[in-house]
Structures are given as C-alpha cells and as structure tokens.
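Each chain gets a letter, A, B and so on, in the order its sequence line appears, and its residues count up from 1.
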Amino acid sequence: MPSAAYTQLRRRSLERWEEWEDESFTRISVGTSATALSVGAGETLAAIIRELERLGQPDVRVLEVGDIGFSWADPVVHIALPRQPRITYGNVVPESVPKLLEDVLTKGDLRADLALGVQAPEATGDIPPLDSQPWMRDQLRLVMANYGHIEPGNLAHYVTRGGFASLDRAIHEMAPQEVIDVVRESGLRGRGGALFPAGVKWSFMLNAPPGDRYLAINGEEGDPAAFTDASIVENDPHKLVEGILIASYAMGATRTFVHIRAEYQVAVARLRRALEEAEQAGLVGSGVMGTEFSHEIEIEATGHAYICGEETALMESVEGKRGAPRPRPPFPAQYGIFGRPTTVNNVKTIAYVPTVIEMGAEAFAKIGTENASGTAMLSLSGHIERPGIAEVPVGLNLQTVIADIAGGGRDGKLVKALQCGGPLGGIMSIAEADMPTEFQAMTAKGSPLGSGGILVFDQDTCIVDAVKIVAEFNEEESCGKCFPCRKGTSQIVHIFESIVAGHGETGDLEKIAGIGQTMVTGSLCGLGQLAPGVLNNAVKYFPEEFAEHVNGKYCRTGTCSALRGPVSASEETAKPTS
Amino acid sequence: MTTDGSTIEEDRRIVRETLSHYSGHRGALLMALLDVQYKLGYIPETTVEDAAELLDYSHPEVWGVLTFYSDFKVGKEAGHFVDVCIDTPCHVGGAREIWSALEEARKSPEGNPSFQLRRTSCPRLCSQAPLIAVDMRWHGRMTVERAREFVAGLD
C-alpha cells in the first residue's frame, strides 16, 4: 500500500506531467546529454524552436529529454502528433529541421526515411516499432527505462513513471535488514567491476560503531570507453537518488557523498537539480517522507584520477586530498571517510536498487545467468556502425552484441578485436567473442567486462599500437605509491616505444611478462595488479602481430611508421581519418 | 569560459575570490581548485600560494593535489584552449592525426598562434570519438579538416 505521503507526491506529479504529456498537442522532444551536445543536439533544439515560430505553430510543445543511448544517430528527436504514438528520428542536424518539421507537422508526411522507429507495438505506415529494430530487440532496459522519456532532474516526470515507489515501500513496509536481505537474495553484484555482492557489502555496516555512517557513490568510472555511470546521472538522476536513499536506509547511513568528476558538467547540473527537487518534496533531508529516517546527499566534485575508482583512494579524494589508496585494514566499513564507517558503491550498482525492490529478489535473480543476475549496461565505442549505450540481460552472446546492437564493423570493415573492461581489462580477438556477455565467463577469458566498456578495433588497427596506448595510460595513472607499479608501468612503456621504433629485441615480450609478474605481486591495489593482464592477453591472442613487430620490424597495418608496412601503406595513411 | 585576454592580475583576483568562498570548509581544497579551473579554463601558477594562504594548506599539499588529478591544467593564460583527447577510443579514431594537424596549424608561419594546444584525459564521450574541446566545449566526430576549421576561426 502506498503511503499517504507517496500518494500525494504521485498526484502532484501526474498533474505536472500532464502539463507536458497532453495527447491533444503535438510534442517534440530532443535528446540531450554531453555526448549528444558534442555533435550538435543543442543547435538542433534551437533550430526546432526557431522553425516552430516560423511555421506559426505556438501550440507545439518542446522538451529536452535524456539521451536514449543511440549516440550513432545523434541528434535524436522524438515527435508525437496529437493522439499518435511517438516516432523517433535520428541524425536530425539543424539543417534538416525545417524540412522535417514542415513535412511532419503540416504535410502529413511522417518522413520514414529519417525515422528510427515508432514507440508502439505496431508499425506506423513504413515505420517499424523501435523495439523490433536489431539494436533494440535484444535489449532489456531496467536502469535505462527512463532514458529519452523524461526531462532529467524533473521529479514529477520520474515519479509519473513509477519513481520513488520502491523507496516508499522500503521505508514504510520493510525493516532495514529486510532490504539488505532482498538485495542479497537478488544476486545484485557490484557493477564497478569488482562484482562483490551488494547486499553482503551493506551488511558490513550493521556492525559499525554508532554515530554517523556514510555512503560514497563511485562515479569516477575511470576506464576510457566506459561511460554508463555518467549517463545514469545525466539521463535519470533521480534513479540514483532513489537508490541512494534505499541503500542508506538499509545501512543506517546518515550522509552520502556522490563522487563525480567536475568535468561532467551536464551530469553535475542535472544531479543538482534532481537533489533540489527531491529536497523540496521531502525526499532528502530530515524526516524522509514523514518517517524517522533522515539523510543528506552531497555532490563531491573531483578532478579525475583513475586510481580514485579504487575505494580507499576515493575516500581520500572525498576528503579533498590526493587520492592515494589506503592500506586495509582498517576496512572502510569500520574506518572510512573522515574516519567514519563508510560503504563505497558504484553508480550503476545503486541505480539497480529501486528496480530490485520493485521486482523482488526472485524476479530479478531470474534475469541473467546463474552466476550473475540482472542486466549489463554496455558502453559501445570504436570502429562500429552504432556506438552508444545498451542494456542487455547478462549472458547475451557477445558476438550478437557486436553484430546486432553495435552494427558490426564501421564502413563494412571486419572487426578484429575487442577491448573489454578498460585499461585494466583485456583484449580478445573477435573469434573468441562467441560467448556469453557475462562477468565471470569473460574474466575467465582474460577480458573481464569490468564497468561494461567494450571498445571495438577493426582490421586496420595495429594491436601493438593500441596496447602501447593502454600501457601509456596505466603509466600516467599509476599513483606512484608502490614501487613495482610506478617503475613497472613506465618500464613497459619504454619497451613498447623501442619496439615500435624498430629496436625490438628477442626477449622483449618475456621482459614485459616478468615486469608484470612483479607488479602483480608487489602492488597495493588493482591498478598495479591488473595492468599487466591486458598486455599478456593481447600477446596471447595476437602472437604473430607482436612477433612481426619485435623480430620482423614489420607492422601489417602500416600504423607504426618507423617499421616496414604493407605495400599499400602509403595510400592507407593518406586516407582521411573520419 | 575563456580568459578573453584578461590580465594576469584580473585572473588572480578571480582565483582569490573563488578560493575565499571555500575557506573554513573541511576537505575543500580539491573542490576549490576545480572551481578555479572551470572559471578560468586553467590554473594560474600563483594559485599555489593563494590556496595555501586562503585555505590553510602547505605549498606541497596544494601542488600535490594539482599534479595528482589529470583535469587540472596548470599554466599560463592564453587566448583560447584547444584540448585533444588521446585515450584509446579517440586514438584508434584518429586522434594522432588531429593532434598533428592542430600542432601544425599553431606553429606554421601562416598558422594561428592564438590558442594553447593541450592533451586532456578522456571526457567519456567515447561514442562520439574522436573529440576535441575548443574553449572547454567538446565537439565529437572530429576530422582533421573540421579541427583545422575550428582553430582557423579563433582570434
């Protein structure tokens, strides 16, 4: 039974929602996010407003909504004519706005050529249902359910789509221990990459000393090619806020620090708005929804350091210091931020919590595989037709992800390899990818899914060059505290530099493996322990390419300019790079 | 976001004013410095002594934080900032060629010296790689030609 406070919130929200979603009007929404804005979504929005004025259409409603995840089709615009389903259009650049609006609004031509799909079970004329498209039909959007549907940070929109019902249920009908039990039984694991069962982690806090307890949200997401955490904050910030409140209620946390890079200006601004609206509605602060439970949420902007994805480093950063890892014990649940008991959870992990409470442990555990329940949020980038964000049931075949959702190699080129899980993940050949997109299975392959970043390399990518960039990244991001990592990462880069400069020597790869061994055993945190894995894996799957570089002084793709390339190398490098 | 040729003294005044908002807050050094960075687009070197004085830290503590986090760009005032992401997704998308073209556009005799070219850490917009930022605004699906056009238009 919804509480009286929630019933009232829901009623007020529906009223506000209908100010926008009134079927008797034409509604145009533009998906904006930092990614969409980087390719002109802001200009498209401005062009739409301008064009509506020119066409004399003052009754058409225009709204900025979140990003639906189709980066490849940005700018994305959705149009719903009165009492008609919403049609999603892709690649709506400002120049194409006048013709599109004129055709759709005044000529009754729905422009099937620009449409990606209709948001309805049945086709509209030649426009197929969006959910039947190859990039959508295998997706299961739990965390992403509101992406592209609501104005991010607008509480009424979030509540209208079912938001805060889980919080209401948790704090009014469940004891904290029950919430922890549900999360534990659901099988929800930490989505930052470590896969620690969330419910078990929370239960550590129950033995903590009395007084203030903290929750820290890890939004560092340091892996290049992983961008789902920021997308949650940008496209549905209240989902994170609701998850924080449920988790904090379960753990008895009094304050949350949301650790997020200041560089993510869109995300920070939308989270700030979400918090303001939630505070005004009595969802954050003292006496949440009229109960005894009180909770404060602070945004802790950071300046980005890869190592701060590590939880003890993150705690140092929240304290405003250099983010060097702390030795454990003491563990964060005993001695964390400012010395208080602290739990650190990833943005994604917490964003799943409202869904877990809503569905119940059993239903959530049924999704995915035996080892890992729920969905996986994937960041897809690199040489593919459809880069963007997707959410799939854990266990979907990885080659299906690449072929159908990502659209295969760009410009008809063959896909050669995948880099999964970022600079501390692994590189695998595409042939190996006939396997489930599942955390443990991929870890066993040496390419852990980690935070969900999948970067695709096509046939023209030099694996040695790609791995060298990863090695440089790890050198740069090593915090320097542990000698084997500080020195090892830079020594590995030196060896790579000499290989691509044509000075490779037999034994170089063994030297790299040996340094890696020392790093694995002699480093305090995951960076030094995992950095060598990427190199080892790449050598394992592409032994010939490494041998060609080291011994043959030959680069088959023509990327390493100091080495001998293929005959057509000069033509290849002269091509434009876009 | 740019400094618009404002004087070094003016920038320093902004730094001190920004920092002073944070004095007395526990653990505020990092956030205060980020605020400076986002107001000016860079961190003037004199910020070290100003932050040490106004927020009660030692010089090494301030330097430690500034050099630890990769988003900080300590340097001298310049008309415009052009940032290029060089992490793996942008790298395999052609960032190296874009970097070379921009370097050429800045240094060549007929080039435009009014901007500072900086390497920056991944802004996590990888689905639109490669990317450059002109005066802190990111532009995706970048090509060598478009990058050249962007900087040619700066004054």
Side-chain angles (χ1 to χ4, degrees), chain A residues 34-40 71-72 74 221-227 229-230 261-265 300-306 308 317-324 338 379-383 387-389 419 422-423 453 455 457-458 461 465-466 469-470 472-473 476-477 479 573 576-578, chain B residues 22 25-35 37-38 43 55 57 61 63-73 85-98 101 119-133 136-146:
Chain A
T35 34
L37 292 168
S38 83
V39 291
S71 304
W72 49 278
D74 276 336
E221 197 167 48
D223 298 349
F227 37 87
D229 285 1
R261 213 170 142 191
E263 166 89 25
Y264 301 161
Q265 292 177 66
E300 276 292 326
T302 173
H304 184 55
Y306 190 50
C308 290
S317 179
V318 169
E319 292 181 13
K321 296 185 271 194
R322 290 164 60 92
F338 297 120
S379 312
L380 304 169
S381 68
H383 301 134
I389 298 173
Q419 187 193 341
L455 172 62
F457 300 140
D458 69 15
T461 310
D465 178 66
I469 294 294
V470 174
E472 286 172 1
F473 179 89
E476 174 77 26
E477 297 296 341
C479 83
T573 48
T577 49
S578 61
Chain B
Y22 291 86
H25 287 272
R26 180 173 66 159
L29 176 63
L30 175 55
M31 289 228 269
L33 294 171
L34 283 165
D35 206 354
Q37 163 102 3
Y38 282 91
I43 303 273
L55 303 177
Y57 282 86
E61 278 173 319
W63 264 122
V65 167
L66 280 176
T67 52
F68 189 84
Y69 294 97
S70 54
D71 283 340
F72 286 120
K73 297 175 179 93
C85 174
I86 52 157
D87 281 325
T88 328
C90 281
H91 176 80
V92 299
R96 187 171 12 214
E97 288 78 6
I98 291 169
R119 294 190 171 189
T120 186
S121 61
C122 177
R124 285 324 113 75
L125 307 172
C126 320
S127 56
Q128 307 293 7
L131 296 118
I132 69 169
M136 325 261 293
R137 207 193 136 190
W138 285 100
H139 301 275
R141 298 178 194 158
M142 194 47 55
T143 60
V144 166
E145 291 70 27
R146 281 184 66 216

To the nearest 0.5 Å, what is the distance between [atom1] on [X] and [atom2] on [Y]?
{"X": "B:Leu125", "Y": "B:Cys85", "atom1": "CG", "atom2": "SG", "answer": "8.5 Å"}
{"X": "A:Ile469", "Y": "B:Asp87", "atom1": "CD1", "atom2": "CG", "answer": "8.5 Å"}
{"X": "A:Thr35", "Y": "B:Leu131", "atom1": "OG1", "atom2": "CG", "answer": "9.5 Å"}
{"X": "A:Asp74", "Y": "A:Trp72", "atom1": "CG", "atom2": "CH2", "answer": "9.5 Å"}
{"X": "B:Thr88", "Y": "A:Phe457", "atom1": "OG1", "atom2": "CZ", "answer": "6.0 Å"}

Heavy-atom cut-off 4.5 Å, strictly under: side chain, backbone, both or neither for [X] against chain B?
{"X": "A:Leu37", "result": "backbone"}
{"X": "A:Ser379", "result": "neither"}
{"X": "A:Glu263", "result": "both"}
{"X": "A:Glu476", "result": "neither"}
{"X": "A:Ala230", "result": "neither"}
{"X": "A:Leu380", "result": "backbone"}

Would you please say whether a donor-acceptor pair under 3.5 Å links the side chains of [X] and [Y]?
{"X": "B:Gln37", "Y": "B:Asp71", "answer": "no"}
{"X": "A:Tyr306", "Y": "B:Ser70", "answer": "no"}
{"X": "A:Gln265", "Y": "B:Trp138", "answer": "no"}

Is [X] in contact with chain A via its backbone, its side chain, both, or neither, using a 4.5 Å heavy-atom distance?
{"X": "B:Leu66", "value": "neither"}
{"X": "B:His139", "value": "both"}
{"X": "B:Arg146", "value": "neither"}

Partner chain B: residue of [options] with the largest heavy-atom pair count (under 4.5 Å):
{"options": "A:Gly453, A:Gly388, A:Ser71, A:Ala305", "value": "A:Ser71"}
{"options": "A:Ser317, A:Gly382, A:Pro423", "value": "A:Ser317"}
{"options": "A:Gly320, A:Cys308, A:Ser38", "value": "A:Ser38"}
{"options": "A:Cys479, A:Pro224, A:Pro387, A:Gly222", "value": "A:Pro224"}

At a heavy-atom distance under 4.5 Å, which candidate from B:Pro123, B:Ala28, B:Ala32, B:Cys90 has the highest pair count against chain A? B:Pro123

Most heavy-atom pairs under 4.5 Å with chain A, out of B:Asp35, B:Leu29, B:Val65, B:Thr67, belong to B:Val65

So do A:Glu472 and B:His91 actually touch side chain to side chain, heavy atoms under 4.5 Å? no

Any side-chain heavy atom of A:Phe473 sitting closer than 4.5 Å to one from A:Asp223? no

